[in-house]
Amino acid sequence: MYKEQDYDIIVVGAGHAGCEAALAAARIGLQTCLFSINLDTIAHLSCNPAIGGLAKGHLVREIDALGGEMAKVTDKTGIQFRMLNLSKGPAVWSLRAQADRSLYKNTMRMVLESQKNLAIKQGMVERLAVKDQKICGVVTALGVMYGARAVVVTTGTFLKGLIHIGLDSFQSGRAGEFASIGLSDSLQNLGFKMGRLKTGTPPRLDAKTINFSKTVPQMGDDPPVPFSYTTEKITTPQLPCYMTYTNKITHEIIRGGLDRSPLYSGRIKGIGPRYCPSIEDKIVRFADRERHQIFLEPEGLETKEYYANGISTSLPYDVQVQLVKSIEGLENAEIMRPAYAIEYDFVFPTQLRHSLETKNIDGLFLGGQINGTSGYEEAAAQGLIAGINAARKIKGLEPLVLGRDEAYIGVLIDDLVTKGTTEPYRMFTSRAEYRLLLRHDNADFRLAEKGHKIGLLSDDAYTRFEQKKSILEEELSRLKTVRLKPSDQINSALDSLGTSSITESISLEKILKRPEIKYAFIKNYAPAPIQISEQIAQLIEINVKYEGYIQKQSEMACKFHKIEAYKIPAGFDYKIVPGLSREVVQKLTEIQPETLGQAARIPGITPAAISILHVAVERFRNEKRS
């Protein structure tokens, strides 16, 4: 075996998790090497070229606040930006951007290639080198050994990837690329419990053959709102998306092809995403629905390829052609790339710590779809944390672990390592107990300080954040003390806004609490002595109008911290605790929760069991002290 040079950290896989992991490790100062099977597909948006969306947009903002790269690259390459859920409360507002597929991966690749301390190599990692349960490097398909003090595996859908189009199937990591076979076997040989998942994509269509006049245009926001807190303005040209629907004929065509569907013939064994089903799954599960929405989304500024969002399928190609042509506006549409489903291996994430280091192999970290998640954003978030913690481990520092009340990233990782998953995990706002605290607009207030302390968020970015924080605090203080006096002009303005007039002076804060009043009213009739940006104005409104609810969730989070801070000793023997059922002992032994709070979130662990455990751990600690 040929031995090449050693690195501090090796990252296997250059998808969204791998890019963030490699950049984080290198920026913290560790000599890092990123391996990709194909350098031309680094940061490839293999499914929909879109970043963000409901709850996912929160993850992107958090990545940015910590000093990650996804938001910045999206801002440079996004061709349509839309803030979703504006008709609802601010806790569920979420930003989504359609990106230029080629421009995104080329931009991210340039960031990686320009990064100090980071080497990039094309090669397929076949085996993990482990000695005495400690990682010591990787071995490629060419038999080349690379040493490392820590390894981050971010292989996406490549582990024994198997593509299905109708009853035809072939090994592939994604269409046109090799699958990774040896690395999956290596993980199994190291004792990891692994499962099988499935995901898929819709056909890509030629815009020249689409009749857009029969569809409904969907424009982006004007002006577009950036993802990154450091982006001042979106300068990339913006494009519309288009909306159409399936119909009864489409559904009949799909039903007629189910006998050749790998999903319904039993050829696909992996479990697919519940919340993003294929079109054939929708037709079967929602048989009473007369139509399903389809979004035709551009793949980029310099291509005529369109992504048919909503008709993901693994049906045979001839059925795909028929179903596409049955849709209004797509009667003459030509398929440029067929839809397909892909099955792949994953590692059950309960075998990880909150740092994303594996429990049984010291120095081995996993991030992204290998942990059972779906989506670029979930992957990037895990990659960032895995890269940070691999670097911190080598430096002898405590890992960065985000709480459920601190970030959606914290919710994501805690759900994975505590509850596990048997289907592709997707982030939703409903998964977060403290979602009013975890808004998309305040990610920097929650995480910028952490990002700066760990060495990822630049001094310039942190200084800008501190200035923003100072302006916000100063204006919130002014709103409490400055009072608005009644006048004909003021009362006329209040009346025009549909709210009651005032007969005595009232604080600006109290007037802003009224649902009909926006900060623009304050700006007009009692302006601040300093410039208030639109971004800060929005923060002010939310803080004032939702103050009571925010305070209540903050108090809940404080109570949560008490149980969360109660540590369970490493290697605690649950078998010796009287009163715990065999099932509870089995689950606690398998998960090895780090705190009482984590133990309480394990499915099937009752409050009574937690009380018994609390007493047992306290007794164990007292005996150890004496």
Side-chain angles (χ1 to χ4, degrees), residues 47-48 50 53-55 80 82 84-88 92 94 96 98 164-166 198-207 209-220 240-266 268 271-298 306-341 374 423-424 426 428 430:
C47 197
N48 188 358
L54 301 180
Q80 187 188 94
R82 291 184 68 222
L84 308 178
N85 267 353
L86 285 177
S87 62
K88 298 179 181 178
V92 295
S94 240
R96 180 186 189 272
Q98 191 73 15
H164 297 271
I165 301 176
K198 166 253 175 188
T199 189
T201 71
R204 272 65 158 187
L205 309 177
D206 186 345
T209 63
I210 298 172
N211 186 349
F212 289 107
S213 67
K214 288 188 172 183
T215 66
V216 179
Q218 187 181 54
M219 309 306 291
C241 296
Y242 299 88
M243 190 167 58
T244 185
Y245 296 88
T246 62
N247 52 58
K248 289 182 179 179
I249 296 173
T250 313
H251 299 183
E252 288 172 8
I253 291 168
I254 292 167
R255 290 190 187 99
L258 289 179
D259 61 324
R260 291 190 291 148
S261 163
L263 188 63
Y264 286 94
S265 65
I268 291 179
I271 299 171
R274 184 189 313 184
Y275 303 104
C276 190
S278 63
I279 188 62
E280 58 265 42
D281 207 15
K282 291 180 192 175
I283 300 308
V284 172
R285 286 165 56 185
F286 310 108
D288 57 326
R289 291 278 296 275
E290 293 187 357
R291 66 178 191 173
H292 294 276
Q293 204 170 51
I294 300 167
F295 291 100
L296 304 174
E297 300 170 328
Y306 267 68
Y307 183 93
N309 191 351
I311 50 172
S312 174
T313 184
S314 57
L315 286 165
Y317 182 73
D318 61 301
V319 180
Q320 292 185 33
V321 172
Q322 292 178 60
L323 80 87
V324 165
K325 290 183 180 297
S326 71
I327 295 165
E328 191 167 13
L330 307 182
E331 293 87 351
N332 299 307
E334 294 287 335
I335 293 176
M336 296 179 76
R337 304 184 205 227
Y340 63 86
S374 70
E423 62 183 54
R426 179 177 178 174
F428 291 104
S430 59

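For clarity, every value in this text was computed on a predicted model and none was experimentally measured.
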Q | Sidechain N-carboxylate O distance under 4.0 Å for Glu297, Arg96 | A | yes
Q: Kindly indicate whether the side chain of Tyr264, heavy atoms from C-beta on, has any atom under 4.5 Å from the side chain of Val284.
A: yes
Q: Please report the shortest heavy-atom distance between Val319 and Arg260, naming the atom on each side.
A: CG2-NH2, 3.4 Å
**Q.** Residue pair Thr313 / Ser278: nearest heavy atoms and the distance that separates them
**A.** CA-CB, 4.3 Å
Q. Would you call Ile311 and Thr246 a side-chain contact if the rule is heavy atoms closer than 4.5 Å?
A. yes
Q. For the residue pair Thr209 and Glu334, what are the closest heavy atoms and their distance?
A. OG1-N, 2.8 Å
Q: Please examine the side chains of Leu330 and Leu296, heavy atoms only from C-beta on, and report whether any two atoms are closer than 4.5 Å.
A: yes
**Q.** Pairs meeting criterion salt bridge (charged side-chain N to carboxylate O under 4.0 Å, His left out) with involvement of residues 244-254, two or more places apart
**A.** none
(Q) Does Arg337 have more than 12 heavy atoms from other residues, nucleotides or ligands lying within 6.0 Å of its CZ? (A) no
Q: Have a look at Gln320 and tell me which of Ile335, Ile254, Ile279, Ile253 forms a side chain to side chain contact (heavy atoms under 4.5 Å, CB included) with it.
A: Ile335
Q) Can you list the residues that meet the salt bridge (Lys or Arg N to Asp or Glu O under 4.0 Å) rule with Arg255, with sequence neighbours excluded? A) none
Q: Side-chain contact test, heavy atoms from C-beta onward, threshold under 4.5 Å: evaluate it for Gln218 versus Arg82 and give yes or no.
A: yes
Q.
A side-chain contact here means heavy atoms from C-beta on lying under 4.5 Å apart; do Ile249 and Ser326 qualify?
A. yes
